[in-house]
There are 2 protein chains.
Amino acid sequence: MCMVSRWEPNARGRLVEAALALYVERGFEQTTVMEIAKRAGLTERTFFRYFTDKREVLFWGAASLQELFVDTLRSVPESVVPIDAVAATLNVVAGVFQERREFALQRQSIIAVNPELQERELIKLASLTAAIAQALRSRGADELAADLVAHAGIAVFKVAFEGWVASAGTNDLAHMFSESFAELKLATGAGA
Amino acid sequence: MCMVSRWEPNARGRLVEAALALYVERGFEQTTVMEIAKRAGLTERTFFRYFTDKREVLFWGAASLQELFVDTLRSVPESVVPIDAVAATLNVVAGVFQERREFALQRQSIIAVNPELQERELIKLASLTAAIAQALRSRGADELAADLVAHAGIAVFKVAFEGWVASAGTNDLAHMFSESFAELKLATGAGA
DNA sequence: TATGTTGATGTCAGCGAGTGACATCGCAGC
DNA sequence: GCTGCGATGTCACTCGCTGACATCAACATA
């Protein structure tokens with residue numbers, strides 16, 4: 001009578017939750033898609049309607065992270081040089097990760113022990129790099145500079161994020177980003 | 001009588017050759033491991049004794065590339081600052097790619113159209129990055145600087161290599177590396 | 001009210017990647 | 001000649017993933 005729908009709502013969310021729990025409990029490889037689907041009250045086939053593969057369920061947030069990056073970057077005045085615009089963007093992004101500290105750490109602990117998941121993470125970061133480069137180009141940066149600055153920004157992100165995770169999220173991520181940027185400028189500027 | 005061995009020699013080489021040919025002929029996804037093995041005169045099971053998976057056959061050279069990188073880096077005098085040591089190393093590496101131009105381009109054309117292969121390429125480059133960072137640390141660089149310079153070097157490598165492939169290998173790779181390094185220094189140094 | 005359409009889900013059959021266990025058999029050393 | 005070894009083959013199996021088709025509540029519309 002008052003059933004709003006034929007099925008429980010938020011199937012995708014239930015699948016994410018179930019997958020995360022099982023990956024933590026028994027590891028990624030030891031978890032089958034059928035188990036995830038069963039726990040979410042769905043079938044294996046339905047899992048693959050929501051996620052292209054077993055790994056993707058852990059990277060559902062990648063698209064919104066990319067969106068955040070690009071939108072933030074666009075909001076920085078064009079007078080700011082690319083490298084500083086990226087630094088400013090990372091500063092904003094840091095907040096998002098600190099807010100979701102627990103989730104980020106748990107997720108990273110799953111990825112850290114599985115090469116397949118690391119591969120997926122790397123290609124998401126590559127996609128992010130391309131998006132940043134594109135955004136820089138539309139700010140007027142030339143091709144080569146846009147690509148290199150985007151890569152530099154992601155390098156800083158990777159290195160600092162890794163350090164943040166190693167500190168169990170106790171350090172200030174934005175501060176680590178700044179430090180890494182400073183070190184990068186120092187290390188690249190010292191030559192020649 | 002004069003059979004040197006019970007089996008044809010160089011099984012691994014035959015598998016690589018067969019795989020490459022088939023990947024070019026009909027694409028990576030459309031090729032089954034059984035087909036590769038058959039063409040090499042072996043069985044599917046034997047393929048998996050030589051390569052952990054279907055993708056790895058295209059990345060057999062990654063280990064020697066990493067070795068080349070690290071050895072070359074070690075041979076640069078310690079008085080040279082990290083970023084310049086990496087630049088010098090890339091200069092040497094460029095030669096290896098120019099020598100194998102045809103192979104490199106063909107291989108890249110296979111990888112370029114397949115996300116799975118791109119993922120594998122990225123994790124190989126990540127491994128290379130870690131090895132470079134380690135080599136820099138053993139040259140006396142501090143943790144953070146080593147990581148960042150290694151990432152910067154690989155970023156230059158990626159961007160310039162991409163450009164080289166786009167030019168069908170007609171440009172001078174070493175020159176493109178230099179240009180990218182210069183641009184990176186400019187772009188990171190311009191801020192603050 | 002009857003009827004048709006839609007969209008999320010289920011069912012089923014199948015392919016191909018990858019693995020473990022065991023068999024085979026030439027070759028090298030004893 | 002016997003024996004152990006190492007490279008290969010055979011077989012059976014799990015699991016990720018896909019295509020084709022069925023189901024069925026909800027909704028629209030006549």
Side-chain angles (χ1 to χ4, degrees), chain A residues 1-20 22-23 25-60 110-111 113-121 123, chain B residues 1-20 22-23 25-60 110-111 113-121 123:
Chain A
M1 43 184 345
C2 60
M3 283 273 284
V4 280
S5 159
R6 183 179 173 190
W7 302 280
E8 291 296 312
N10 193 25
R12 170 170 272 127
R14 274 149 52 211
L15 285 168
V16 171
E17 198 177 347
L20 208 67
L22 286 168
Y23 292 170
E25 277 176 29
R26 58 176 85 167
F28 176 79
E29 282 184 13
Q30 286 65 47
T31 303
T32 71
V33 173
M34 211 187 61
E35 290 169 336
I36 298 171
K38 275 243 166 71
R39 179 183 282 221
L42 296 165
T43 58
E44 193 183 11
R45 192 66 184 85
T46 298
F47 177 95
F48 287 111
R49 287 205 177 91
Y50 283 100
F51 303 100
T52 59
D53 62 54
K54 193 185 165 190
R55 287 174 277 170
E56 199 63 18
V57 69
L58 273 177
F59 297 89
W60 186 236
I110 299 172
I111 295 174
V113 295
N114 190 286
E116 290 181 64
L117 293 173
Q118 289 161 32
E119 289 187 341
R120 181 56 51 86
E121 172 133 294
I123 207 171
Chain B
M1 46 186 342
C2 60
M3 283 274 282
V4 280
S5 157
R6 184 178 174 191
W7 302 281
E8 291 296 313
N10 193 25
R12 169 170 273 124
R14 274 151 51 213
L15 286 168
V16 170
E17 199 177 345
L20 209 66
L22 286 168
Y23 291 169
E25 277 177 30
R26 57 175 88 167
F28 176 79
E29 283 183 13
Q30 287 65 46
T31 303
T32 71
V33 173
M34 211 184 62
E35 290 169 336
I36 299 171
K38 275 242 165 72
R39 180 184 281 222
L42 295 166
T43 58
E44 195 183 11
R45 193 67 185 85
T46 299
F47 177 95
F48 287 113
R49 288 203 177 91
Y50 282 100
F51 302 101
T52 60
D53 61 54
K54 194 184 164 190
R55 287 173 277 170
E56 198 63 19
V57 69
L58 274 176
F59 296 90
W60 185 236
I110 299 172
I111 295 175
V113 296
N114 189 287
E116 289 181 65
L117 293 173
Q118 290 161 31
E119 289 187 342
R120 181 55 52 86
E121 172 134 294
I123 207 171

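Convention: sequence-line order gives letters A, B, ...; per-chain numbering from 1.
For the salt bridge (Lys or Arg N to Asp or Glu O under 4.0 Å) test, residues two or more places apart in sequence or in another chain that qualify with B:Arg39 are B:Glu25. For B:Arg26, the salt bridge (Lys or Arg N to Asp or Glu O under 4.0 Å) partners at least two apart in sequence or on another chain are B:Glu35.
Taking atom NZ of residue B:Lys38 and atom P of nucleotide D:dG9, one finds them 11 Å apart after rounding to whole Å. Atom-to-atom, CZ of A:Arg55 to C1' of D:dC17 comes out at 12 Å; the value is rounded to the nearest Å. As rounded to whole Å, 14 Å separates atom P of C:dA8 from atom CG of A:Asn10. Rounded to whole Å, atom P of C:dG20 lies 12 Å from atom CZ of B:Phe48. Between the CD atom of A:Glu56 and the P atom of D:dG16 there is a distance of 16 Å, rounded to whole Å. Summarising the geometry, the separation between CD1 on A:Ile36 and P on D:dC17 is reported as 10 Å, rounded to the nearest angstrom. Taking atom CD on A:Glu8 and atom P on D:dA25, their separation rounds to 15 Å, with Å as the unit. B:Leu22 has its CG atom 12 Å from the P atom of C:dA17, to the nearest Å.
Side chain of A:Trp7, nearest nucleotide from C:dA21, C:dA8, D:dG16: C:dA8.
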>> If you apply the rule side chain to side chain contact (heavy atoms under 4.5 Å, CB included), what do you find for A:Tyr50 with A:Val57, and how did you get there?
In response: CA-CA 9 Å; A:Tyr50 283 100; A:Val57 69; over 6 Å; no

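A donor N or O paired with an acceptor N or O is found under 3.5 Å between the base of D:dG19 and the side-chain atoms of A:Arg45. The base of C:dG10 is paired with the side chain of A:Arg49 by a donor and an acceptor separated by under 3.5 Å.
Contact annotation: A:Tyr50 reaches the phosphate of C:dT9 (side-chain N/O to OP1 or OP2, under 4.0 Å). For D:dG9, the OP1/OP2 oxygens have a side-chain nitrogen or oxygen of B:Thr46 closer than 4.0 Å. Contact check, A:Thr43 against C:dG10: a side-chain N or O comes under 4.0 Å of OP1 or OP2.
Map A:Glu29 and B:Glu44 each onto its nearest nucleotide of DNA chain D; the residue landing nearer the 5' end is B:Glu44.
Both the sub-6.0 Å distance and the 45° axial angle are not jointly satisfied by A:Arg55 relative to the ring of A:Phe28.
Within a 6.0 Å radius of CD in A:Glu17, no more than 12 heavy atoms belonging to other residues, nucleotides or ligands are found.
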